[in-house]
Amino acid sequence: MPDQQQPFAQPVGPNGAVAGTGAGGAMDLAASEAAGPAPGGPAGRPRSLWSDAWHDLRRNPVFLLSALVICFLILIALWPSLIAPGNPLQCDLARAQDGPRPGHPFGYDGQGCDVYTRTVHGARASVTVGVCATLGVAVLGSVLGGLAGFFGGAWDSVLSRITDIFFAIPVVLGGLVLLSVITSNTVWPVVGFIVLLGWPQISRIARGAVITAKQHDYVQAARALGASNTRILLRHIAPNAVAPVIVVATIALGTYIALEATLSFLGVGLKPPSVSWGIEISAASPYVRNAPHALLWPAGALAITVLAFIMLGDAVRDALDPKLR
């Protein structure tokens, strides 16, 4: 009986891959050897939206510059005495409207107060109003808008009409009316006013983002698998709908700081003896011809702060928007 022919066996390489032969045999390289590591993380996994955005932000000079300015502002807002150890409420009328001198680089205002000390200490109130108001607006607007976009129906219709009413209220006029009857010298009435009139914008953004996210296939798959509305909203929709809210809130933070300065300038926001940039600008405006330095320094600090937050928001928007990649 003739011996049976054994099939030709090709040499097997590591990882179970079939190595090539000199006769031009098949080559079935392993995926890791054929294509190399996939782009993304070190293990070949693609980066998520947030890690990809952080990867771009670290290489964006606009983001780095604005973040550096904001970190410095937060530092002096928390510990202003680090660079301005003087008392912002200590004034000397004999030096009113004097220019810069050693130890007082910004000069004196119309009441003989050190402009440098008051400008540094004024960052605390302005930054506190901006940060607290932004957090309140983002939380309230995101919750109301997210629920309206997820459930729809009557809740969505009622919230839409309420937001239309708030959009019709002029912000500055509303501040003049509401804050003029409050005598508190703290930042909380101003924060509450900004939250009261600022949440509709975030609510509209969150509502649209949730409506878009809940149409995706992964949400429909989770619903088909029996996931509850709470789990779908918190685990699947919220992480994918929060990006536009963060972008708008970051840009709005600088706007809220400017709004606090405007209301304080008009006399209905923060009031003396509180120290803020809006109060400093208001107090220096009558002496702008004789002592322009008393107006330029707090106004310049306000402009740089607002610009830094707007630039930061633009950089975050570019990093989180896939259409701009």
Side-chain angles (χ1 to χ4, degrees), residues 60-80 82-84 88 97 99-100 104-110 113-134 137 171-172 175 187 190-191 193-194 197-198 201 247-272 274-318:
N60 189 342
V62 174
F63 171 80
L64 297 177
L65 178 61
S66 58
L68 182 63
V69 173
I70 291 172
C71 290
F72 175 73
L73 290 170
I74 294 175
L75 178 65
I76 65 174
L78 294 175
W79 300 285
L82 289 177
I83 62 174
Q97 303 182 23
H104 306 277
F106 293 175
Y108 297 87
D109 62 9
C113 304
D114 183 26
V115 177
Y116 171 76
T117 302
R118 291 182 68 85
T119 300
V120 173
H121 284 259
R124 169 174 292 180
S126 299
V127 173
T128 300
V129 169
V131 172
C132 294
T134 302
V137 166
V171 177
V172 176
V187 300
V190 181
V191 171
F193 166 74
I194 295 176
L197 293 187
Q201 180 186 17
V247 172
V248 175
T250 305
I251 297 176
L253 199 157
T255 305
Y256 296 152
I257 293 177
L259 178 59
E260 178 275 323
T262 302
L263 295 174
S264 298
F265 178 84
L266 296 174
V268 296
L270 298 179
K271 303 174 181 65
S274 300
V275 182
S276 76
W277 292 330
I279 295 176
E280 292 305 297
I281 295 172
S282 177
S285 57
Y287 312 102
V288 64
R289 292 186 178 182
N290 298 327
H293 58 272
L295 175 65
L296 294 179
W297 288 111
L302 175 64
I304 291 174
T305 302
V306 175
L307 180 62
F309 280 105
I310 292 177
M311 292 170 57
L312 181 70
D314 288 340
V316 173
R317 179 200 59 193
D318 295 343

> Among pairs that include at least one residue of residues 247-267, which meet salt bridge (charged side-chain N to carboxylate O under 4.0 Å, His left out), considering only residues two or more places apart or in two chains?
Replying inline: none
>> Let me confirm one number: the CG-CG distance from D318 to N60, rounded to the nearest 0.5 Å.
In response: 7.0 Å
> Where is the tightest heavy-atom contact between I70 and L312, given as atom of each residue plus distance?
Replying inline: CD1-CD2, 3.5 Å
>> Using side chain to side chain contact (heavy atoms under 4.5 Å, CB included), reason through L82 and I76 one step at a time and then give a plain yes or no.
In response: CA-CA 7 Å; L82 289 177; I76 65 174; over 6 Å; no
> Is there side-chain contact between D109 and Y287, with heavy atoms separated by less than 4.5 Å?
Replying inline: no
> Would you say T128 and R124 make side-chain contact, with heavy atoms under 4.5 Å?
Replying inline: yes
>> Please give me the minimum heavy-atom distance between A249 and T134, naming the atom from each residue.
In response: O-CG2, 3.4 Å
> Between V306 and A258, what is the shortest heavy-atom contact and its length?
Replying inline: CG2-CB, 4.0 Å
>> Using every non-hydrogen atom in the two residues, find where V191 and V129 come nearest and quote the distance to one decimal.
In response: CG2-CA, 4.0 Å
>> Using every non-hydrogen atom in the two residues, find where I83 and Y116 come nearest and quote the distance to one decimal.
In response: O-OH, 2.6 Å
> About how many Å separate CZ of F63 and CE of M311, when rounded to the nearest 0.5 Å?
Replying inline: 11.5 Å
> What is the minimum heavy-atom distance between S285 and F265, and which atoms define it?
Replying inline: OG-CE1, 4.1 Å
